[in-house]
Amino acid sequence: MKSKLIAIVGPTATGKSDTAVALAARTNGEIISVDSAQVYRGLDIGSAKIKPSEMIAADGTAILHHLLDYLDPKEDYNIARFQIDAKAAIEDIQQRGKTPILCGGSGLYVHSLLNTSYQLEKEPGDAAYREELKELAAVKGLTYLYQRLQEEAPELAKKIHPNDEKRIIRALEKSRHGATKAPELNWESPYDLAIFGLYLPREILYQRIEKRIDQMLEAGLVAEVKSLLDQGVDPGSNALTALGYKEIIGYLAGRYDLEEAIRILKRDTRHFAKRQLTWFMRDPRIIWINITNMSDSDRPHKKFSILSSRKIKSKGEYL
RNA sequence: GGAGGGGUUCCCGAGUGGCCAAAGGGGGCAGACUGUAAAUCUGUUGUCGACGACUUCGAUGGUUCGAAUCCAUCUCCCUCCA
């Protein structure tokens, strides 16, 4: 018998965090953040991390959050580590008799938890070899690497575009450790699963994104980035290449003015939201909820009542 | 008032007689995605009953078998001189 698990997904700026808190309060749940930027300490404003005060539900229940703020921004991170950490958190929550609620917008990370085909432990990483391949790409050209991949692991090469350096290198890395082909995608979940997607029409979504970015600026995003830099975090680090950070860094480095940085950040965030949408729309298990006509104040409640009463519109219905 | 430069597809910007529905970039839209994923990469972007047709390169008229490209007039913008 599979154990129960709830997930709240959707593009950025749709109010996933609030919804998850409201839901957790009613389901005796704890929240696991599925977000590649919010794992870092000090990335608060730009990553739109939930504040401690917001972790208290309307009825006063304090909701526990996992996988937030547990990494130094100087550390590198990856999906394999995330999978281990998140699975441990899920198990921990379940053992205490609570309901794990996944909440986040990193599509790949969500997949790695909810699809049995993601057996990352079978595909070890090889940092040294990766560096070597990067060198090779720079010296001999990407085409050379791609051809090498085609010879070594044609099945792997088939799924990768010749321009996609990161994936070519990773595939070569896998091939060296015995992989010959990519795993099949499936929608089989290890859990008794309910995934809810928060949906907003594109136009409204984009408005909310812009508004949220303006608020981040007001809340001191520039100062946050400066402080991270002052702490010696490398501008090219994993943490600082996140949205909201790399754009402000460009401004601080004098590559353009603040106005331009904001423009770029808004644009990049729109692009990101689209990618998130593309990712989640593929997943046939997601139950989509159109939250257009819910105001900010009643959103958590309404969202919750929709989720709990199961008066849910399916993807097909609202589209 | 005089001299010069320029108005190109959503935007920027190339194109100086046919190979131009028009390079390139941006933006938009769509997609991929299994150890950097808020990353990386791809496709598409005048209209249509669509291996063809139609409309487009400030406007109008002309030259030519053929024009975004040449000529004339008009119009708007920019620079310099007065």
Side-chain angles (χ1 to χ4, degrees), chain A residues 11-13 16 33-40 43 45-49 71 73 75-86 104-131 133-134 137 142 146 155-156 158-177 179 181-187 202-203 206 209 212-213 216 221 234 236-249 260 263-283:
Chain A
T12 185
K16 295 185 292 292
S33 164
V34 187
D35 188 299
S36 61
Q38 295 184 358
V39 294
Y40 290 111
L43 272 68
I45 299 172
S47 73
K49 193 182 290 165
L71 280 184
E75 261 187 87
D76 275 340
Y77 199 58
N78 60 52
I79 185 183
R81 282 186 62 188
F82 172 79
Q83 196 188 42
I84 292 167
D85 297 339
S106 299
L108 177 67
Y109 283 19
V110 172
H111 264 194
S112 77
L113 262 19
L114 303 186
N115 289 31
T116 54
S117 65
Y118 282 71
Q119 301 185 329
L120 270 18
E121 68 282 0
K122 292 184 181 165
E123 307 170 334
D126 188 333
Y129 188 48
R130 191 178 301 182
E131 283 309 310
L133 291 170
K134 239 186 248 178
L142 231 203
Y146 188 69
E155 287 296 312
L156 244 32
K158 257 203 296 203
K159 294 189 69 178
I160 298 171
H161 189 96
N163 288 347
D164 201 339
E165 176 167 338
K166 286 191 181 185
R167 291 211 174 82
I168 293 171
I169 290 178
R170 167 93 265 253
L172 247 11
E173 203 181 309
K174 282 192 200 179
S175 151
R176 180 185 231 195
H177 289 86
K181 63 177 184 201
E184 284 291 310
L185 175 68
N186 69 35
W187 299 111
R202 198 64 58 89
E203 197 184 338
Y206 286 180
I209 286 173
R212 172 133 103 174
I213 289 172
M216 286 178 180
L221 178 59
D234 190 286
S237 67
N238 206 208
L240 290 187
T241 47
L243 266 175
Y245 297 88
K246 60 172 178 292
E247 293 85 358
I248 298 299
I249 285 172
E260 174 69 357
R263 207 206 96 234
I264 296 173
L265 173 54
K266 287 180 176 174
R267 179 200 63 190
D268 289 353
T269 306
R270 285 196 301 269
H271 289 170
F272 171 52
K274 170 57 177 71
R275 268 180 277 134
Q276 290 179 298
L277 236 24
T278 300
W279 200 293
F280 294 128
M281 284 297 180
R282 264 177 88 187
D283 191 333

Integer-rounded Å distance: B:C33 P and A:Glu123 CD: 14 Å

SB check A:Glu173 A:Arg176 (cutoff 4.0 Å): no

Sugar-phosphate, base or nothing in reach of A:Arg270, heavy atoms under 4.0 Å: sugar-phosphate

Integer angstrom distance from the C1' of B:U36 to that of B:C41: 14 Å

Protein-nucleotide distance (A:Met281, atom CE; B:C33, atom C1'), rounded to Å: 17 Å

Whole-Å distance separating the OH atom of A:Tyr109 from the P atom of B:A39: 12 Å

Nearest-nucleotide 5' precedence on RNA chain B, A:Asp268 against A:Pro124: A:Asp268

Candidate nucleotides B:U34, B:A37, B:U42, ranked by approach to the side chain of A:Lys174 - the nearest: B:U34

Nearest-Å distance for atom pair CZ/P, residues A:Arg202 and B:G27: 15 Å

Nearest-Å distance once atom C1' is located in both B:C10 and B:U60: 26 Å

A:Arg275 CZ to B:C29 P, straight-line distance once rounded to whole Å: 13 Å

Euclidean distance for P, B:U16 against B:G58 (whole angstrom): 15 Å

Short side-chain N/O contact from A:Arg167 to OP1 or OP2 of B:A32, under 4.0 Å: no

Pairwise side-chain contact, A:Gln83 with A:Glu121, heavy-atom cut-off 4.5 Å (strictly under): yes

Interatomic distance at C1', B:G5 relative to B:G52, whole Å: 41 Å

Given B:A38, B:U34, B:U36, the nucleotide with the shortest approach to the side chain of A:Tyr118: B:U34

Interatomic distance where CG belongs to A:Leu133 and P belongs to B:U40 [whole Å]: 19 Å

Whole-angstrom distance between B:U8 and B:A3, as gauged at atom P: 25 Å

For the student: nearest non-hydrogen atoms of A:Leu133 and A:Ile169, plus distance: CD1-O, 3.7 Å

Given RNA chain B, 5'-ward residue of the pair A:Tyr245 and A:Asn186, judged by closest heavy atom: A:Asn186

Closest to side chain of A:Asn163, choosing from B:U36, B:U42, B:A37: B:U42

Distance between C1' atoms of B:U9 and B:G31 (Å, rounded): 25 Å

Whole angstrom value for the distance that separates C1' of B:G31 from NZ of A:Lys159: 14 Å

A:Ile264 versus A:Glu247, closest heavy-atom pair with distance: CG2-CG, 3.9 Å

Whole-angstrom distance between B:C20 and B:A53, as gauged at atom P: 16 Å

A:Ala273 versus A:Pro11, closest heavy-atom pair with distance: O-CB, 3.9 Å

Minimum heavy-atom distance A:Glu75-A:Tyr40, with the two atoms named: O-OH, 3.0 Å

Nucleotide nearest A:His161 when distance is taken to its side chain, options B:U34, B:C41, B:A38: B:C41

Closest nucleotide among B:A37, B:A38, B:C33 to the A:Asn238 side chain: B:A37

Between B:U63 and B:U73 - C1' atom distance, rounded Å: 15 Å

Value in whole Å for how far the C1' atom of B:C41 lies from CG of A:Leu156: 16 Å

